[in-house]
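Throughout, residue positions are numbered sequentially from 1 according to the sequence presented.
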Amino acid sequence: MASTDKPGDPEYRSSSDPAPVGVDYFQFDVILRFLLFAASLVSVVVMVTSDQTEPVLFQGRPVPRPAKFRYSPAFVYFVAALSVSGLYSIITILASLSVIQKPDLKTKFLLHFIFWDALILGIIASATGTAGGVAYLGLKGNNHVGWPKICHVYDKFCRHVGGSIAVALFGSVVVVLLIWLSAHSIHSRIPK
């Protein structure tokens, strides 16, 4: 008489078969963390190199006036936040590589990654929003309070700031993907 057990069916799995461990996405995790590092580094370098000096009329005569990132607290905060993000990405790249070498720590690291990635996402998003608000003010001005727009004068500076903010937004999306990846990996490890 033939056996009716189906070896591939989870209902008929014997108690000695190992439980499924879920799908391993740590290689993809390392790639995303490297992208976060690259985005953080590019954002910081572009913002720090955004300086331009232009002559501005002051009491009827042109006076050279520089525009630098360090003249705005929002841009300084942006550089500090993205620097923290870059350092965090280096640390977590090394942690992900060590987890690939020692697979028994994966679930614990995934949970920690979700918490820390959420914190870094908040830091990057707040810094990007703050810098974006100041950059928008420089681009459009505010007629209601008499703040003139400056990007027609400091065009190179504004292009640098805009590019840096765009790359930081990409970094925010990468962190969201990292959180989703970690959450999906933990969910796939839960026995059904």
Side-chain angles (χ1 to χ4, degrees), residues 20-51 68-70 72-140 151 156-190:
V21 292
V23 183
D24 187 14
Y25 292 110
F26 268 92
Q27 289 83 10
F28 192 58
D29 183 79
V30 171
I31 292 168
L32 285 175
R33 291 184 189 284
F34 180 76
L35 283 174
L36 175 61
F37 170 72
S40 299
L41 180 66
V42 168
S43 286
V44 168
V45 168
V46 170
M47 183 63 85
V48 168
T49 61
S50 65
D51 61 344
K68 298 183 179 194
F69 87 94
R70 68 175 181 254
S72 168
F75 295 156
V76 171
Y77 170 56
F78 179 83
V79 168
L82 272 291
S83 298
V84 168
S85 169
L87 177 63
Y88 170 77
S89 64
I90 290 172
I91 292 168
T92 55
I93 285 171
L94 296 174
S96 289
L97 290 173
S98 70
V99 168
I100 290 173
Q101 300 296 324
K102 296 182 179 182
D104 54 327
L105 301 174
K106 287 182 181 178
T107 305
K108 185 174 183 178
F109 267 88
L110 285 170
L111 189 60
H112 290 293
F113 281 164
I114 287 176
F115 293 137
W116 287 104
D117 288 347
L119 177 67
I120 290 297
L121 176 61
I123 291 170
I124 293 173
S126 69
T128 304
T130 303
V134 171
Y136 184 80
L137 213 68
L139 180 66
K140 298 291 184 179
C151 284
K156 178 186 163 213
F157 175 77
C158 288
R159 281 194 309 271
H160 274 245
V161 168
S164 182
I165 290 170
V167 174
L169 282 172
F170 171 75
S172 296
V173 171
V174 168
V175 177
V176 169
L177 292 174
L178 281 166
I179 292 169
W180 285 348
L181 182 69
S182 295
H184 179 72
S185 295
I186 287 175
H187 178 70
S188 68
R189 293 174 191 286
I190 297 173

Let me confirm one number: the OG-CG distance from S185 to D29, rounded to the nearest 0.5 Å. 7.5 Å
For A131, all residues meeting side-chain contact (heavy atoms from CB on, under 4.5 Å), sequence neighbours excluded: F75, F78, I165
Is it the case that the side chain of H160 and the backbone of M47 share a donor-acceptor pair, with hydrogens and angles ignored and the cut-off at 3.5 Å? no
Taking only residues two or more places apart in sequence or in another chain, which ones pass side chain to side chain donor-acceptor pair (under 3.5 Å) with T92? R33
Is the shortest heavy-atom distance from the side chain of L139 to the side chain of C158 under 4.5 Å? no
Close side-chain approach of S96 and F113, heavy atoms under 4.5 Å: yes
Close side-chain approach of V167 and V46, heavy atoms under 4.5 Å: no
Sorted by chain and number, sequence neighbours left out, side chain to side chain donor-acceptor pair (under 3.5 Å) with S72 holds for none
Steps toward side-chain contact (heavy atoms from CB on, under 4.5 Å) verdict (D51, F157): CA-CA 6 Å; D51 61 344; F157 175 77; 5.6 Å; no
side-chain contact (heavy atoms from CB on, under 4.5 Å) between L119 and W116: does it pass, once the steps are laid out? CA-CA 5 Å; L119 177 67; W116 287 104; 3.6 Å; yes
Nearest heavy-atom approach of I186 to L111 is CD1-N, 3.7 Å
Would the distance check show the side chain of S43 and the main-chain N or O of S40 forming a donor-acceptor pair, the cut-off being under 3.5 Å? no
What side chain to side chain donor-acceptor pair (under 3.5 Å) pairs are there with at least one residue in residues 166-180, not counting sequence neighbours? none
What pairs of donor and acceptor atoms, side-chain ones from residues 120-129 against any protein atom, are under 3.5 angstrom apart with sequence neighbours left out?
residue	atom	partner	partner atom	Å
S126	OG	Y77	OH	2.5
S126	OG	G122	O	3.2
S126	OG	I123	O	3.0
T128	OG1	I124	O	2.7

To the nearest 0.5 angstrom, please state how far the CZ atom of F170 sits from the CG atom of L36. 9.0 Å
Residues at least two apart in sequence or cross-chain that pass side-chain contact (heavy atoms from CB on, under 4.5 Å) with K140, listed by chain then number, are Y136
Classify the ring geometry of H112 against F109: parallel below 30°, tilted from 30° to 60°, perpendicular beyond 60°. perpendicular
In this structure, CG of L82 is separated from OH of Y88 (nearest 0.5 Å) by 14.5 Å
So CG of L32 and CG of L178: to nearest 0.5 Å the spacing works out to 4.5 Å
Which residues satisfy the side chain to side chain donor-acceptor pair (under 3.5 Å) test with S83, sequence neighbours excluded? none
Under the side-chain contact (heavy atoms from CB on, under 4.5 Å) test, which residues partner L137, sequence neighbours left out? N142, W147
Contacts of S164 that satisfy side chain to side chain donor-acceptor pair (under 3.5 Å) - sequence neighbours left out: none
In Å and rounded to the nearest 0.5 Å, what is the CD1 to CG distance from I93 to L35? 9.0 Å
Roughly how far, to the nearest 0.5 Å, is the CG atom of D117 from the CD1 atom of I114? 8.0 Å
Write down the atom of V79, the atom of V44, and the distance for their closest heavy-atom approach. O-CG2, 3.9 Å
Taken in chain and number order and not counting sequence neighbours, the residues that satisfy side-chain contact (heavy atoms from CB on, under 4.5 Å) with I31 are none
Would you indicate whether the side-chain heavy atoms of F69 and V48 approach each other to under 4.5 Å? yes
Residue pairs, two or more places apart or on separate chains, that pass salt bridge (charged side-chain N to carboxylate O under 4.0 Å, His left out) and touch residues 75-101: none
Mind checking salt bridge (Lys or Arg N to Asp or Glu O under 4.0 Å) for R159 and listing every partner two or more places apart, or none if nothing turns up? D155
